[in-house]
Amino acid sequence: MFSRSADSVLLPLDLTASGAESSHRRARLQDQVTSLFDQFREPLLRYLWSLGLSLPDGEEVLQEVFLSLYQHLDRGKPLDHVRGWLFRVAHNLGLKRRQRVRRATETHTDADHEDLAVDPSPNPEAQLAHSQTKRRLLAVVDALPEQDRRCLYLRAEGLRYREIAGILDMSLGAVPLSLTRSLARIARANDATNPERSNR
Amino acid sequence: MKTSASHLSDEQLLLAAEGELSKRDAKLVEAHLEACWQCRARRQELAQAVTDFVHSNQQEFDVLLPPGAGPRALLKARLAEVAGAQPAQHQSWFLFSGSLAAAAAICAIVALAFALSRFSTVSHNPSRMHGVVYIPDSRLTPGATLLESRLAVCTSTNINNKAVPASLQREVFEEYGIAGADPHAYEVDYLVTPALGGAEDIHNLWPHSNSATVWNAQVKDALEDRLRDMVCGGSLDLTEAQREIAGNWIAAYKKYFHTDKPLAEHCNRCAR
């Protein structure tokens, strides 16, 4: 149902052939981590942004995430599901970062998002085209309970139910219930503003 | 699997659509859907909700997504550092900072942190429409600061920007591809003002158009004063202030003055 589930392709990490050539091995490991950064930066950054982090803060969290990944692999620790691991670490570090930022700056409001979105030479037509439907829908999403919202955003990034349950520390059965609640609210909002759409 | 006598639940519809049901349950759902128009309509509504959410989320973010080259380069440098094999470019920053440290123990150039500020939709996309530059190119001017404490910044009596040497001004013009432009048309400005710990370094200098009528140097000066007051008043962290102004000074102005346009007292030339 979610269209981006194809993102589940994982880049295999070949850590077995490195042997004693530690500098060569580390160089390869750096390349692999950088490749993963290229592959996952956008979905991870989007998820961190959905947590309420500004893009600069999100970028900084990502640096920490991928440095942790490197250290994790460098120590020879196992990593079966890279994507789930990355999202879990990003989620935890992102929440810590958000807490710190909120303490330091009092709040990180939606207005901050709008600040970042400001274009000094705006195209009014383009802005209008984006605005109304999107604002209505995102207002519905913003009003969801935080755990439901996180669940929805993780699923939108292509994570499977088991991965989401692991990241958010919830039961497997709670994931579809959460998603159903969220989608029902979005569908209700759609019905309210588009009465021509079917309902039952 | 339990189904109500008449209709499938939203959860059953979702699980079926996501391929999360057992084969047996999936067959039961399919059989029900074949016979029930209402449940098919409901499935479509849920699918539409997914589509709307995914599109809105992606579109909104795509507008903001900064280029990845800067963060990628920073990660590579950090990985190399962690692995004990710094690349030449990364070393050069610290060699530079080392020479400054030798000259003045309190100072060191830190610019890598500002590579993180190369993101907002405006900052990576320099505004040079019709030769008017009012946002620096973040690839050329990420910002650079001296490692000064808040106390050092706030007790400094000389808070006026030091004149940029002519040779450095020429370098900035060349870097921005406007070497042949009238020098009076631009003011080579500090991105992070020295009054906030900004360094006299080419990575912290950019040509601010004098012809900018709205977001001009006078407006930026007002922001610099405001941020310095907040830093010295204890309501804003110095690093945060440096990062805000280096990331997107116009957005920072709007944020700290709570306005979408420059205030009248900050802009004599603004069209009203």
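Residue numbers start from 1 in every chain, and the chains themselves are labelled A, B, ... in the order their sequence lines are given, proteins ahead of strands. Scope of the values below: all heavy atoms of this structure, side chains included, with no hydrogens, waters or symmetry mates.
Looking at A/Arg98, its side chain does come within 3.5 Å of a backbone N or O of A/Leu51 through a donor-acceptor pair.
Counting heavy atoms from C-beta outward, A/Val141 and A/Ser182 have side chains that stay 4.5 Å or more apart.
For A/Asp74, no part sits under 4.5 Å from any heavy atom of chain B, backbone or side chain. Using a 4.5 Å cut-off between heavy atoms, B/Glu11 touches chain A through backbone and side chain atoms alike.
To the nearest 0.5 angstrom, B/Ile250 atom CD1 is 11.5 Å from B/Ile245 atom CD1.
For the residue pair B/His7 / B/Gln38, a side-chain donor-acceptor distance below 3.5 Å is found, with atom types taken as modelled.
Among A/Arg41, A/Glu42, A/Gln71, the residue with the largest count of heavy-atom pairs under 4.5 Å with chain B is A/Arg41.
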